[in-house]
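Excluded from the calculations below are hydrogen atoms, water molecules and symmetry mates; all remaining heavy atoms, backbone and side chain alike, are included. Naming convention: chains lettered A, B, ... in sequence-line order (proteins, then strands); numbering from 1 in each chain.
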Number of protein chains: 2
Amino acid sequence: MNGRSAMRLARLQDALAGGGTIHLSEAAKLCGVSEMTIRRDVAASDGAMTFLGGHLMMAANPQFAPVYDLDEQQGSHYLAKQRLCQGAASFITEGDTLFIDCGTTLMPLLGMLGEFEELTVVTYALNVANAVGALPNVRLVLLGGLYHPSSQSFGSGDMYDAVRRLGINKAFISAAGVDLERGVSCFHFHEVAPKQAALDTALYRILVVDASKLGVVRPAFFAQLEAFDVVVTDAKAAPVLNARAGGTHQPPRVMVA
Amino acid sequence: MNGRSAMRLARLQDALAGGGTIHLSEAAKLCGVSEMTIRRDVAASDGAMTFLGGHLMMAANPQFAPVYDLDEQQGSHYLAKQRLCQGAASFITEGDTLFIDCGTTLMPLLGMLGEFEELTVVTYALNVANAVGALPNVRLVLLGGLYHPSSQSFGSGDMYDAVRRLGINKAFISAAGVDLERGVSCFHFHEVAPKQAALDTALYRILVVDASKLGVVRPAFFAQLEAFDVVVTDAKAAPVLNARAGGTHQPPRVMVA
DNA sequence: AAAAAAATGTTAGAAAAATAACACTGAGTG
DNA sequence: CACTCAGTGTTATTTTTCTAACATTTTTTT
């Protein structure tokens, strides 16, 4: 790679830094060279940019990452998630202020928000914010802080208070583990504060988990099962969750989606 | 469009709700139909999704929007911005904590951050956060709040205090208007608090503007020109800015990129 | 300035995607 | 039962993208 090639790559990379794509033909015009030269530049570079059907884009951008890979057989999981979210969505009513947790479980829910006139979504996850930010009918409140790439979410010391200051109708919480005795847990400790704040603030608390999380314990506990009003889950997990009874608190209603 | 077709479309749309793409072949497998049927579904739909080189994606996602259109001759503007940012980048040193303003002016700067070992970026703009979040060597602090789609940024009441709590080395500020007498201004009032906080907090304050902003006044003033240590600008604007002298405060140094 | 090397342009062919055409299926109907 | 027709699958054709080969131009070296 020579100097001019590097210059062109830098120019293109900067053009794409803010997101977006650029067609090969326009990249060529922009740099004043032939399309072939652009192809060669990109091919000889460090792989920061790639072509997708004649359009140049940042390779690292998670927006372009395939959402669904059959080889990893998330396929069966996906259908379940979509059905879970349909069940969860049935709790939403016009004008609600929703807290939406991080992770991938609740992603299908966001696609269902477009059918309402006006909603407000509170979240601390970047992927949720990007999806919601594109919806014209949904107001978005993002709780900021230090970014944690592992969960695509933000954490900060005053996250708890920040959530408490908001008027949240319904909290949609996901979890990495649900144990009847030990409680509900997730992977990352910075997720605990926002989840607990949402549970303490929201009028209605909805846990969305599939059967694969049942009996699993993860590093960070954030609540007992009784802290939720409803658990939206699948047919496989429902009987186990319903067996829970006779505690000091009212057990959550189990909804099979 | 029939019922089953609508079901498939909804399933795909939900799969893409959280951002990302899905290849035609995998979309076909996911829905259990042939690729041709998926094509027909999408073609007959409302245009919410499109194909780009065999990959299905949300059409509305700005991440997929062409960044650069020769017909609108942003080309000349773009080169200027890139050179401005190169000048601005020369102030960055290893380990810095940078405040990066919203807007498009500073976007090319983000592509130049990859060359450092370790940096921290503070921002209140979603597009900046997405670009920085993809950089493994840069820690990201996003200042949250209510999302303003017009500037792709967040605003909140305690934005000023939130910025003041951070140790910011260098603040890179953009502006929509610079007037020698009236001061520096932007379009949106919610941008004032974070900009002022960054100016009050940072050790070194860098204004990045091109000549087109000179003599322009926008609704929201946020600082006098003297609040900056350096103005990075182009050759056309430099002489006008240098004419400014003899005020009560030290005028900023003018750097021509 | 001539030769060599590198960079870029042009063209041709292979691969993939987009489109069109036609064939199959299965539910409903006279 | 034969017929229709919407829905879908299959195959063929066109278009576009990708890759390779070779020609031309520019830069560097001797």
Side-chain angles (χ1 to χ4, degrees), chain A residues 1-16 20-61 63-71 75 79, chain B residues 1-16 20-61 63-71 75 78-79 82:
Chain A
M1 182 172 67
N2 67 69
R4 260 167 300 183
S5 171
M7 288 253 294
R8 288 192 298 267
L9 282 169
R11 181 181 300 180
L12 293 172
Q13 206 155 338
D14 293 341
L16 299 176
T21 65
I22 186 168
H23 193 271
L24 176 59
S25 60
E26 289 182 349
K29 277 193 237 169
L30 175 62
C31 296
V33 294
S34 71
E35 298 185 2
M36 196 63 227
T37 298
I38 299 292
R39 280 186 188 281
R40 280 194 271 248
D41 286 347
V42 172
S45 76
D46 57 0
M49 292 181 285
T50 44
F51 280 103
L52 198 153
H55 298 257
L56 190 64
M57 57 190 66
M58 297 303 294
N61 192 328
Q63 294 281 332
F64 303 115
V67 116
Y68 170 72
D69 200 337
L70 270 187
D71 303 336
L79 265 172
Chain B
M1 184 172 64
N2 67 67
R4 262 168 297 182
S5 171
M7 287 255 293
R8 287 192 297 268
L9 283 168
R11 182 182 298 179
L12 293 172
Q13 208 155 336
D14 292 341
L16 299 176
T21 66
I22 186 168
H23 193 270
L24 177 59
S25 61
E26 290 181 349
K29 279 193 233 170
L30 175 62
C31 296
V33 294
S34 71
E35 299 186 2
M36 196 60 227
T37 298
I38 299 292
R39 279 190 190 279
R40 280 194 270 244
D41 286 347
V42 172
S45 77
D46 56 1
M49 293 181 284
T50 44
F51 280 102
L52 199 155
H55 298 255
L56 189 64
M57 57 192 66
M58 295 305 294
N61 192 329
Q63 293 283 333
F64 304 115
V67 113
Y68 170 73
D69 200 337
L70 272 184
D71 304 334
Y78 176 71
L79 266 172
Q82 203 233 10

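Inter-residue side-chain proximity for B:Thr21 and B:Phe51 is flagged as unmet; no heavy-atom pair is nearer than 4.5 Å. At least one side-chain heavy atom of B:Ile38 sits under 4.5 Å from a side-chain heavy atom of B:Val33. Counting heavy atoms from C-beta outward, A:Met57 and A:Leu52 have side chains that approach closer than 4.5 Å.
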Side chain to side chain contact (heavy atoms under 4.5 Å, CB included), that's the test. Do B:Arg8 and B:Leu30 meet it? Break it down for me. CA-CA 9 Å; B:Arg8 287 192 297 268; B:Leu30 175 62; over 6 Å; no

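Annotation: side-chain hydrogen bond (donor to acceptor under 3.5 Å, both in side chains) contacts of A:Thr50 (sequence neighbours excluded): none.
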Which letters describe nucleotides 18-24 of chain D, given B = protein heavy atom under 4.0 Å from base, S = only from sugar-phosphate, - = neither? BBBB---

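In this entry the distance linking CD of A:Glu35 with C1' of C:dT8 reads 14 Å, nearest Å.
Of the candidate nucleotides D:dG9, D:dT17, C:dT10, D:dG9 has the atom nearest to the side chain of B:Ser34.
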